[in-house]
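Read the structure below first, then the notes.
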Amino acid sequence: MGATIVEVRCGRHNMLATTSLRSPRPVRLLNGATVASLQRHGKQMAIVTVDGRVLVVHLGMSGRMTFESAPPTDADRHAHVAWLVQPKSPSKPKVPWGNTAHWLVFRDPRRFGELASLASPTALERRWRALGPDAFLAPPDALMAALRGLRRQAKAALLDQAVLAGVGNIYADESLFRAGVHPTQSLDRLSEDRLVRLIAAIQVTLTAAVNSGGSTLRDYVDANAQAGGYQSYHLIYGRAGEACPTCGRPLEGLTAAGRTTVACSTCQRLIHKRRGKVAGSSG
DNA sequence: CTGCTCCCCTGGGAGC
DNA sequence: TGCTCCCAGGGGAGCA
């Protein structure tokens, strides 16, 4: 907070997507701005500046934002944008780079990431209202309200950022396994108890992952270029064919919601019938 | 609405 | 070693 962006370099212009801020590109990329706050909702981050500009950052699959002492070179083909950041001074250094100006570099080889400039915090609010509650921070009640009664496959719902925000393919599989819910299970067939269990599983999974610095399969590093460690704790993700950690039977690999999925067909039984109806009772 | 399939793009690993 | 094929953490569009 209070840091100033004193220079912006943009190597690939088309990373900056839709914008509600009609200004020259350096302005939209926050050139000259003083940072007011950093925010996050689900997988999206936002830099909000004192003069009201907003830059939304979505890392996609291979994106990374790292602090570096030198600007990227021309040979660095995937360094799309670099900001020279001057920390607030004088102040006690709370950041690894102290009070020295450092480069914040956005790299994204696959270019599935996105930068979007918005004209105001109101526009950010509007954008994020289209997303479901943040899966990591929202109270379980809010997640319950988002999931209850949906006639959708559990995995599809978890991956849909408009239902709840922040769960991707890895953590969807891990959460469903923890909760004993099959990925293709329609949510409207789940009991209240099972839904509560699923929501708890999502929050346990995300908390554990965040505490371990995330999952690095290939690309992911944090702002200090540190890889994550959670991949070694994955219960089932990437383990199709291996033994289920609970029952020992082989984990199945399948496609659900169009994505690579792993599940244990024994521990994550599909429920086809509505709960609470007993055969033979009146109709 | 829901779920498919395809597409955006590059790089790493497996297999020949 | 070098080549090809296949796959990937996201998400939007278009279609059934």
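Any value given below was found using the heavy atoms of this structure, including those in side chains, with hydrogens, waters and symmetry copies removed. First the proteins, then the strands, lettered A, B, ... as listed; each starts at 1.
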For A:Asp134, all residues meeting salt bridge (Lys or Arg N to Asp or Glu O under 4.0 Å), sequence neighbours excluded
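Residues passing salt bridge (Lys or Arg N to Asp or Glu O under 4.0 Å) with A:Asp134: A:Arg40.
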List for me each residue that meets side chain to side chain donor-acceptor pair (under 3.5 Å) alongside A:Arg148, sequence neighbours excluded, and say none if there are none.
A:Glu192
Taking side chain to side chain donor-acceptor pair (under 3.5 Å) as the test, write out the residues that go with A:Glu7, two or more places apart.
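Here the qualifying residues are A:Arg9.
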Spacing between [X] atom [atom1] and [N] atom [atom2], to the nearest angstrom:
X	N	atom1	atom2	result
A:Asn14	B:dT10	CG	C1'	14 Å
A:Asn169	C:dA8	CG	P	9 Å
A:Leu147	B:dT2	CG	P	12 Å
A:Tyr220	B:dT10	OH	C1'	21 Å
A:Asp76	B:dG11	CG	P	11 Å
A:Leu131	C:dG10	CG	P	14 Å
A:His78	B:dG11	NE2	C1'	8 Å
A:Leu159	C:dA8	CG	P	14 Å

Given the structure, check if the side chain of A:Arg259 and the base of C:dG10 hold any donor-acceptor pair shorter than 3.5 Å.
yes
Suppose the criterion is ring-ring contact (aromatic ring centres under 6.0 Å, His included): which pairs have a residue in residues 240-269 of chain A, not counting sequence neighbours?
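Not a single pair qualifies under ring-ring contact (aromatic ring centres under 6.0 Å, His included).
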Sequence neighbours left out, what pairs pass ring-ring contact (aromatic ring centres under 6.0 Å, His included) with at least one residue falling in residues 25-47 of chain A?
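Applying ring-ring contact (aromatic ring centres under 6.0 Å, His included) to every pair that reaches into residues 25-47 of chain A, excluding sequence neighbours, yields A:His41-A:Trp128.
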When rounded to the nearest Å, what value does the distance between P atoms of B:dC9 and C:dC3 take?
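Taking atom P in both B:dC9 and C:dC3, they lie 24 Å apart.
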Look at [X] and [N] and indicate whether a side-chain polar atom (N or O) is within less than 4.0 Å of OP1 or OP2.
X	N	answer
A:His58	C:dG11	yes
A:Thr260	C:dA8	yes
A:Gln161	C:dG10	no

If a protein heavy atom is under 4.0 Å from the base, mark B; if only from the sugar-phosphate, S; if neither, -; do that for nucleotides 3-9 of chain B going 5' to 3'.
S----BB
Aromatic ring pairing A:Tyr230/A:Tyr233, orientation class (parallel under 30°, perpendicular over 60°, tilted between):
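Taking A:Tyr233 first and then A:Tyr230, their aromatic rings sit tilted (interplane angle of 30° to 60°).
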Chi angles and distances behind the salt bridge (Lys or Arg N to Asp or Glu O under 4.0 Å) call for A:Asp160, A:Arg152
CA-CA 10 Å; A:Asp160 186 343; A:Arg152 294 188 71 179; 2.7 Å; yes
Output the residues of residues 207-216 of chain A in contact with DNA chain C, where contact means a heavy atom of the residue under 4.0 Å from an atom of the strand; sort by number or write none.
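Nucleic-acid contacts, sorted: A:Ser215.
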Test side chain to side chain donor-acceptor pair (under 3.5 Å) applied to A:Gln185 and A:Arg194, step by step:
CA-CA 12 Å; A:Gln185 174 68 52; A:Arg194 188 63 68 156; over 6 Å; no
So [X], base contact, sugar-phosphate only, or nothing? Heavy-atom distance under 4.0 Å.
X	answer
A:Asp219	base
A:Ile170	sugar-phosphate
A:Arg64	nothing

Return each pair, listed once, that meets side chain to side chain donor-acceptor pair (under 3.5 Å) where at least one residue sits in residues 60-73 of chain A; pairs must be two or more places apart or across chains.
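Side chain to side chain donor-acceptor pair (under 3.5 Å) check on residues 60-73 of chain A returns A:Ser62-A:Asp108, A:Thr66-A:Glu68, A:Glu68-A:Arg107.
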Do side-chain atoms of A:Thr261 reach the backbone of A:Arg259 as a donor and acceptor pair under 3.5 angstrom?
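Yes: the side chain of A:Thr261 pairs with the backbone of A:Arg259.
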Applying the side chain to side chain donor-acceptor pair (under 3.5 Å) criterion to A:His182, which one of A:Arg269, A:Glu252, A:Gln268 satisfies it?
A:Glu252
Given that both pair distances must be under 3.5 Å and the pair must be Watson-Crick or G-U, what runs of three or more consecutive pairs involve DNA chain C?
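Output for stems: B:2-8 with C:10-16, B:10-16 with C:2-8.
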What are the residues of residues 237-245 of chain A, sorted by number, that bring a heavy atom to within less than 4.0 Å of DNA chain B?
none
Which residues pass the ring pair (Phe, Tyr, Trp, His ring centres under 6.0 Å) test with A:Phe177, sequence neighbours left out?
none
Could you tell me which residues satisfy ring pair (Phe, Tyr, Trp, His ring centres under 6.0 Å) with A:Phe106, sequence neighbours excluded, listed by chain and number?
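For A:Phe106 there are no ring pair (Phe, Tyr, Trp, His ring centres under 6.0 Å) partners, ignoring immediate neighbours.
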Please evaluate residues A:Arg110 and A:Asp219 with respect to the criterion side chain to side chain contact (heavy atoms under 4.5 Å, CB included), reporting the C-alpha separation (whole Å), side-chain torsions for both, the decisive distance (0.1 Å), and the verdict.
CA-CA 10 Å; A:Arg110 284 189 72 186; A:Asp219 300 299; 5.6 Å; no
Do A:Asp193 and A:Ser191 have side-chain N/O donor and acceptor atoms under 3.5 Å apart?
no
